[in-house]
Amino acid sequence: MLWNNDRPLDSTLDIEEYTTFITNSIIEATQEDIPRTKQTAREYIPSEVSKSLIKQKHQAYQRWKKTGADIDKRQYYNSKILLSNSLRNDKRNNFSKLMSSLCHKKMYSDKVWLTVRKFHNKRIKQMYANVMNYNNKTASSDKEKADLFADYFENEVYSQTADTLPFHDQVTDQASNIRNRRTASLNTAKWKLIKVEEVKYHIKQLRNSSTGPDNIHNRCLKNYSKLLIQHITKLYNAILKLGYIPAMWKKANIILLLKPKKDKKHPSSYRPISLLSCIGKLLEKIIKQRLMLQLKRRNILPQHQAGFRPGKSTIYNIIRLERYADGQLKRPGLRRHSAVILFDIKAAFGSVWHDGLIYKLNDLRLPRYIISYLISFLNDRTAAIELENILSRPFNLKSGTPQGSPLSPLLYIMYTADSMNGIPTHTEHGLFADDTALWTSGHTLTSLKSRLQQSINEFESWCKSWKLKLQPTKTELIHFSLHPRKKYKNPVIVKVENTTIKPLDSTRYLGVIIDKRLKWRTHLDHIEAKIAPRIGLLRYLSIAAQEPNNKTMINIYKSIVRTVIIYGYPILLTADQKIWDRLQIMQNKALRAAFGLPIYTSVKYIHNISNISKIKGYAIGLLKRAIQKASTDNDSTLRNRLQGILNKI
DNA sequence: GACAAATGGAC
RNA sequence: UUUGUCCAUUUGUC
């Protein structure tokens, strides 16, 4: 296929044609180079011996069928037995081959992880209910189910909500003004052109991931030719110039993953994941980087939004909440009451209001070409549910940002950047994407209650303005208190959307379980439950492999167990020694399992052969490194908090 | 100290 | 059919 390089790209039609040209060229090239043999994921591959036995069996069967003779029948059954023996043998060989990957002196990462993954079974095969019901409709075939999911997502998740406030009409008007202004001043906007080097840099960063509707894999892009990059760069610049994204990049195939511990009969129990074109995603990455530069330079994002931002993590907000509550509980002299409320926003990403987002982007005075691009990005998106390789009818996404796009997380935090502007200063907040927490304190229960309620009301009205829906039933409240069972005459009770929220003993916030006494016992229970099957796996592997390499087993331990134990370590460091004793016991258990040692093996011996340090010492090491990193990053608030924890130990 | 890969976690 | 952003860790290679 050829393209005349002198041909200008001046209309949307040109862009569509050029995109098709590039897509087809890539597909053609890959089909030439990589023969499309479909690799079936078999449990094991039969050996040559088995293959010939299969042939023999088949022949014997044909002969018996033809002649009907007794001797042929016997021969057929004989070959059948021989084959099954051979297959069993193959299976055993394959198993020991798999296990031998754990025994090599040198660790071959990919082989080891193949083995571990096989038994770790984290990825459960998707199972859909036989019959699904929604909106008085029943679906039993795959196509019907896919369409039913399409109905659900079109009507309940990515649907437009009615304008109920005068404010909404105002925003809608403004947004349509912005749209019109854009088409009026198309070719005049100036910006920094995308360079070949920029595209190359982002291609290099690409990880292998699943393909979108156009079936082009990231691997294809990574094996780029100079010519391909030039074409892609030219196309990207044309897209930014016209503010028009080709239609095929706005089509998503949505796959569904069952959320853990949810009923598979109901469509709301599934998390939708959009698979998008990799070439389109590449451009989105470039825009994302440019957008972030703007946001950072102009300090647009709120300080306490820790989600999706470089250099920030969950632990930052966890520490802030923990230090605050602890400070109020152990305040010398006058103790104060404190409480935290954790909100849940319904379908947060899916509910982003397009007009509202455009209004805000314009308000921020972002570069015109980026706004143009984003308007096109949001407009006229379609999706189809993919289920067992069957596509549903396509439907429109009238609201929300598509999960699966590199831009979506950023757009969401931009959309919610002003959510805390109206909150009174006596209340602190922590944000992580849509996970919103508000906390405050007071000398008396009444003052605490009224302060908290005041802030809740502010947040509630903000949500209402921007068409986000709070779920009062999933909203949780913790009233911090040292007494395990003390009953207050007037417990702290607040209202969210006219629903009463009562305080709980413990709740989960950003992956750690916070209890009202800040003792972390429930959190430890949670960790223990999580690593128990993993310890079982370590034991199984060490027995099955017979003489596994110690270093390999330690690496597996570090990866699948220690990472779980160590998550959220800074807050645990402020807790009692008891917590660390318990964690140490977990580590010892896991190491015994990894080495296949009996339960009574002494801790000293384990320590000697594994050369793994005590878990608390390791955590302190991590903390020191984190402090150093925070000071080189000039993040003085985080640094001081971490230093405070270190001083306390 | 650069690059790559893997694992774990949050949403 | 396991997306996206971010964080942490580990292991390799040079």
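Lettering follows sequence order; numbering is per chain, from 1.
Looking at the side chain of A:Ile255, the nearest of the listed nucleotides C:U1, C:U9, C:G12 is C:U1. Distance from the side chain of A:Val564 is smallest for B:dG9 among the nucleotides B:dG9, B:dC11, C:U11. Checked against B:dT7, B:dC11, B:dG9, the side chain of A:Lys530 finds its nearest nucleotide in B:dG9. For A:Leu275, counting side-chain heavy atoms from C-beta on, the closest listed nucleotide (C:U3, B:dA10, C:U11) is C:U3. Of the candidates B:dG9, B:dT7, C:U9, B:dT7 carries the atom nearest the A:Ser559 side chain, counting heavy atoms from C-beta on. In the set C:U2, C:U9, C:U11, the nucleotide with an atom closest to the side chain of A:Leu257 is C:U2. For A:Lys629, the listed nucleotide lying nearest its side chain is C:A8; candidates were B:dT7, B:dG9, C:A8. The side chain of A:Leu510 approaches B:dA10 more closely than any other nucleotide in the set C:U3, B:dG9, B:dA10. Side-chain atoms of A:Pro310 lie closest to C:C6 of the nucleotides B:dG8, C:C6, C:U10. For A:Lys222, the side-chain atoms get nearest to B:dA5 when compared with the rest of C:U10, B:dA5, B:dA10.
One finds no side-chain N or O of A:Arg534 lying less than 4.0 angstrom from the OP1 or OP2 phosphate oxygen of B:dT7. Listed pair A:Arg207 / B:dA5 meets the phosphate criterion, a side-chain N or O lying under 4.0 Å from OP1 or OP2. The phosphate of B:dG8 (OP1 or OP2) has a side-chain N or O of A:His120 nearer than 4.0 angstrom. Residue A:Lys558 places no side-chain N or O under 4.0 Å from the OP1 or OP2 atom of B:dT7. Between C:U2 and A:Ser210, a contact under 4.0 Å exists linking OP1 or OP2 to a side-chain N or O. Distances shorter than 4.0 Å separate none of the side-chain N or O atoms of A:Arg309 from OP1 or OP2 on C:C7. Between A:Tyr618 and C:U10 there is a side-chain N or O to OP1 or OP2 distance below 4.0 Å. For C:U5, one of the phosphate oxygens OP1 or OP2 lies less than 4.0 angstrom from a side-chain nitrogen or oxygen of A:Lys285. Remark: A:Lys288 is not in phosphate contact with C:U5, judged by side-chain N or O atoms under 4.0 Å from OP1 or OP2.
When the P atom of C:U9 is taken as reference, atom OH of A:Tyr557 falls 15 Å away, rounded to whole Å. Atom CE in A:Met414 sits about 23 Å away from atom P in B:dC11, given to the nearest Å. Atom P of nucleotide B:dA10 and atom CG of A:Asp434 are separated by 14 Å, given to the nearest angstrom. What separates NE2 of A:His304 from P of B:dC11 is a distance of 20 Å, to the nearest Å. Distance CG (A:Leu301) to C1' (B:dC11): 16 Å, rounded to an integer number of Å. One can place CZ of A:Arg562 at 20 Å from P of B:dA6, the figure rounded to the nearest angstrom. Distance CE (A:Met553) to P (C:U11): 16 Å, rounded to an integer number of Å. For A:Arg290 and C:U5, the CZ to P distance is 18 Å, given to the nearest whole Å.
In this structure, A:Tyr128 and A:Phe149 have perpendicular ring planes: the angle between them is above 60°, well past the 30° mark. Classified by interplanar angle (parallel below 30°, tilted 30° to 60°, perpendicular above 60°), the ring pair A:Trp353/A:Trp466 is tilted.
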Give the C-alpha distance, both sets of side-chain angles, the deciding distance and a yes or no for ring-ring contact (aromatic ring centres under 6.0 Å, His included) between A:Phe308 and A:Tyr412.
CA-CA 10 Å; A:Phe308 311 135; A:Tyr412 184 82; 7.7 Å; no
Under the ring-ring contact (aromatic ring centres under 6.0 Å, His included) rule, what do A:Phe153 and A:Phe395 come out as? Steps first, then yes or no, please.
CA-CA 9 Å; A:Phe153 282 108; A:Phe395 59 95; 7.3 Å; no
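We find the CG-NZ distance between A:Asp147 and A:Lys143 to be 4.5 Å, quoted to the nearest 0.5 Å. How far OH of A:Tyr540 is from CG of A:Leu537: 9.0 Å, rounded to the nearest 0.5 Å.
Comparing C:U3 with B:dA5, their P atoms sit 14 Å apart, to the nearest whole Å. Distance noted for atom P between C:U2 and B:dA6: 14 Å (whole Å).
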Cut-off 3.5 Å, no hydrogens considered: what does the side-chain donor-acceptor table look like for residues 252-261 of chain A, sequence neighbours left out?
from     : atom 1 : to       : atom 2 : distance (Å)
A:Asn253 : ND2    : A:Glu386 : OE1    : 3.3
A:Lys259 : NZ     : A:Ser268 : O      : 3.4

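Judged purely by distance below 3.5 Å, without hydrogens or angles, the side chains of A:His304 and A:Arg320 pair a donor atom with an acceptor atom.
Using a 4.0 Å heavy-atom cutoff across all strands shown, A:Leu622 reaches sugar-phosphate atoms only and no base atom. Residue contacts shown for A:Ser408 are absent, as no nucleic acid heavy atom lies under 4.0 Å away. A:Gly307 comes within 4.0 angstrom of nothing in the nucleic acid, heavy atoms only. Using a 4.0 Å heavy-atom cutoff across all strands shown, A:Arg271 reaches no nucleic acid atom at all. The residue A:Tyr567 sits close only to the backbone: its heavy atoms come under 4.0 Å of sugar-phosphate atoms, none of a base. Within 4.0 Å of A:Gly311, counting heavy atoms only, lie sugar-phosphate atoms of the nucleic acid but no base atom.
Pair assignment for C:U2: none, as no Watson-Crick or G-U wobble contacts are both less than 3.5 Å.
Sequence order on RNA chain C of the closest nucleotides to A:Gln403 and A:Thr563 puts A:Gln403 first from the 5' end. Along DNA chain B, the nucleotide nearest to A:Phe349 and the one nearest to A:Val561 differ in position, and the one closer to the 5' end is contacted by A:Val561. Of the two residues near DNA chain B, A:Ala433 and A:Ile560, the one whose nearest nucleotide lies more 5' is A:Ile560.
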